[in-house]
Amino acid sequence: MAGPLSIRLDDRLRRDLEQEATVQGVPLSNLVRDILSAGARAAKRQRIHQDSARVAHYAAEAPERQALFEETGGPHSNGF
């Protein structure tokens, strides 16, 4: 596990996070870690989606590129 991370929170945000942690019955550090983990996963999914869209746009620009995708069986080809 990595070492601790220090972040500054304004009073209102800290109070809101502490209240939510209390409602959920978890320590503040666990709540913040869960929120950050969810945000990192969402950012990664968004980046993958954007990269996929760029590839699709690139492939759509020329017939020879489209043919490459058709030859490989499409985006979800698994040999069936």
Side-chain angles (χ1 to χ4, degrees):
M1 175 182 247
L5 172 67
S6 176
I7 57 173
R8 294 190 191 280
L9 305 173
D10 63 34
D11 291 339
R12 180 173 176 234
L13 178 57
R14 183 176 182 113
R15 185 178 58 251
D16 291 346
L17 290 170
E18 287 173 340
Q19 287 175 345
E20 185 60 28
T22 299
V23 167
Q24 292 187 24
V26 298
L28 177 60
S29 60
N30 288 11
L31 176 69
V32 171
R33 187 178 314 114
D34 291 346
I35 291 169
L36 291 173
S37 293
R41 284 190 305 273
K44 182 178 180 179
R45 280 191 306 272
Q46 182 179 7
R47 189 174 59 254
I48 290 169
H49 178 73
Q50 290 170 343
D51 289 347
S52 297
R54 278 194 291 276
V55 169
H57 182 265
Y58 176 79
E61 290 177 336
E64 62 274 5
R65 296 176 194 159
Q66 292 173 10
L68 176 64
F69 280 89
E70 291 170 8
E71 290 171 12
T72 60
H76 297 288
S77 175
N78 56 6
F80 295 106

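Just so it is clear, the structure is predicted and the values come from calculations on it, not from any experiment.
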- Item | Pairs satisfying salt bridge (Lys or Arg N to Asp or Glu O under 4.0 Å), at least one member in residues 48-60, at least two apart | D51-R54

- Residues which pass salt bridge (charged side-chain N to carboxylate O under 4.0 Å, His left out) with R47, listed by chain and number, not counting sequence neighbours: none

- Listed by chain and number, what are the side chain to side chain contact (heavy atoms under 4.5 Å, CB included) partners of D11, not counting sequence neighbours? none

- Message: More than 12 heavy atoms of other residues, nucleotides or ligands under 6.0 Å from CZ of R14: yes or no?
- Response: no

- Item | Interatomic distance, Q24 atom CD to D34 atom CG [nearest 0.5 angstrom] | 7.5 Å

- List, by chain and number, the other hydrophobic cluster members for L17, where Ile, Leu, Val, Met, Phe, Trp and Tyr join if side-chain heavy atoms come within less than 4.5 Å, directly or indirectly. L5, I7, L9, L13, V26, L28, L31, V32, I35, L36

- Message: E64: which residues meet the side chain to side chain contact (heavy atoms under 4.5 Å, CB included) condition with it, sequence neighbours left out?
- Response: A62

- Looking at residues at least two apart in the chain, or sitting in another chain, which of them share a side chain to side chain contact (heavy atoms under 4.5 Å, CB included) with R8? none

